[in-house]
Protein chains: 2
Amino acid sequence: MRYSRQRESILSILQATESHPTADWVYDKVRREISNISLGTVYRNLAQLEEMGQIRRINADGQSRFDANLSPHDHFRCLTCSSIFDIHMSHDDMTAGLPADVPFKVTGINLELLGVCNECQIKEIKGENSHVA
Amino acid sequence: MRYSRQRESILSILQATESHPTADWVYDKVRREISNISLGTVYRNLAQLEEMGQIRRINADGQSRFDANLSPHDHFRCLTCSSIFDIHMSHDDMTAGLPADVPFKVTGINLELLGVCNECQIKEIKGENSHVA
DNA sequence: ATCATAAACAGTAATAGTTACCATTAAGTT
DNA sequence: AACTTAATGGTAACTATTACTGTTTATGAT
Ligand SMILES: [Mn+2]
Ligand SMILES: [Mn+2]
Ligand SMILES: [Zn+2]
Ligand SMILES: [Zn+2]
């Protein structure tokens, strides 16, 4: 991976914000530093940074949001304004006595485990064997 | 809400599957019963059914997936094939000794609380007051 | 049963977020 | 400095979804 001013700028913008911005928001922000940067460059670099594990992608309603905060934490998403806030709470506390001191009106929980399903693990193994031979 | 053959068909198709289909998949399926149904009708009804609380929407990568199983449960999403599977497990068990007997290779957890943020609650109140008078 | 009303529809055009393409630029190497 | 090729800027294309519009149809009233 070759250095680029564009990628560095995108990452530092993400690291400097507490919000969980969209690609468009990052684009507007980075344009102040690199006025002729392309929106495609923003998308490409966000995808690369995600791939490299330097940022997280959160897919809310219709669009992706990005988070450079790598410490394990969860999120609250407002169904009205789509804002995303960090939740720093143990999962035990979260599931036990949910709201209490939280300033949000919580009406639902989405818990999603990510990984590779059984079938895909088998395919992976087969695929690797086939080009080892 | 007025009855329609289209909505009934869409709902029963969703209720009959264990998978978590996309709008397109539902469209293909419902076309076998109502050959000239419009894709827009499928989208409109899925949104209405969600609004009425008869189905859940899951937003994965680029597109929405739908679930007519209303019993509280969580999901596993395969990062390779995008399949979504139900997870029936207490959140305590999930966060405590995660995998064990699960046939998935779990590499990440996305926990999202949904609701209304503080700011939006305040706006809601102001909004309601303004048209009460 | 006939009629009136508007909700819901089919078909299509438009939009939004994102990705693909390609000629040009520039990071890193010799 | 010359060379190689990853990365870019600009633009076109694509995909999921929504909006529009004229027509159909569920439903309640005559
Ligand atoms: Mn965060
Ligand atoms: Mn489910
Ligand atoms: Zn809000
Ligand atoms: Zn899979």
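Proteins get letters first, then strands, A, B, ... in listed order; numbering begins at 1 in each.
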Taking all non-hydrogen atoms of both residues, which atom of [X] and which atom of [Y] are closest, and how far apart?
X: B:C78; Y: A:C117; value: SG-N, 3.3 Å
X: A:N69; Y: A:H73; value: O-CE1, 3.2 Å
X: A:F76; Y: A:V106; value: CE1-CG2, 4.1 Å

How long is the line joining CD of A:Q48 and P of C:dT19, in whole Å?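 For the pair A:Q48 CD and C:dT19 P, the rounded distance is 12 Å.
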
Value in whole Å for how far the P atom of C:dT18 lies from CG of A:N59: 10 Å

Does A:S12 use its side chain to pair, donor to acceptor, with the backbone of A:S9 at less than 3.5 Å? yes

Please check if the side chain of B:Q121 supplies one atom and the backbone of B:V116 the other of a donor-acceptor pair under 3.5 Å.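 Side chain of B:Q121 to backbone of B:V116: a pair is present.
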
Check: A:L11 and A:I55 side chains under 4.5 Å, non-hydrogen atoms: yes

Are any of A:S64's side-chain N or O atoms less than 4.0 Å away from OP1 or OP2 of C:dT18?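 For A:S64, the contact criterion (side-chain N or O under 4.0 Å from OP1 or OP2 of C:dT18) is met.
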
Going through the checks in order, is the side chain to side chain contact (heavy atoms under 4.5 Å, CB included) test met by A:R56 and A:F66? CA-CA 6 Å; A:R56 278 171 70 178; A:F66 300 90; over 6 Å; no

Whether B:H75 and B:H20 hold their rings parallel, tilted or perpendicular, with breakpoints at 30° and 60°: perpendicular

Is any NZ, NE, NH1 or NH2 atom of the basic residue among A:D61 and A:R77 found under 4.0 Å from an Asp or Glu carboxylate oxygen of the other?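 Salt bridge present between A:D61 and A:R77.
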
Using atom names, set out every protein N or O paired with an N or O of nucleotides 27-30 of chain C below 3.5 Å, distance rounded to 0.1 Å.
residue	atom	partner	partner atom	Å
C:dA27	N3	A:R2	NH1	3.2
C:dG28	OP1	A:Y3	N	3.3

Could you check whether atom CD of B:E51 has more than 12 heavy atoms from other residues, nucleotides or ligands sitting under 6.0 Å from it? no

Through what angle, rounded to 10 degrees, does the axis of the helix from C:dA1-D:dT30 to C:dT30-D:dA1 turn between its ends, using five pairs per end?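 About 30°, once rounded to a multiple of 10°.
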
Where does the chain A footprint on DNA chain D start and end, counting 5' to 3' with a 4.0 Å heavy-atom cut-off?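 Footprint of chain A along DNA chain D, 5' to 3': D:dT5 to D:dG10.
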
Under 4.5 Å side-chain heavy-atom separation, chaining through any Ile, Leu, Val, Met, Phe, Trp or Tyr, what else clusters with A:I84? Say none if it is isolated.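 Joined to A:I84, directly or through intermediates: A:I58.
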
For residues 40-49 of chain B, which side-chain donor-acceptor pairs fall under 3.5 Å, sequence neighbours excluded?
residue	atom	partner	partner atom	Å
B:T41	OG1	B:R44	NH2	3.2
B:N45	OD1	B:R7	NE	2.8
B:N45	OD1	B:Q48	NE2	3.2
B:N45	ND2	B:T41	O	2.9

Honestly curious: do A:I10 and A:L39 fall in one hydrophobic cluster under the side-chain, below-4.5 Å linking rule?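 In one cluster: yes.
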
At a heavy-atom distance below 4.0 Å, what parts of residues 16-45 of chain A sit against DNA chain D? A:N36, A:I37, A:S38, A:T41, A:R44, A:N45

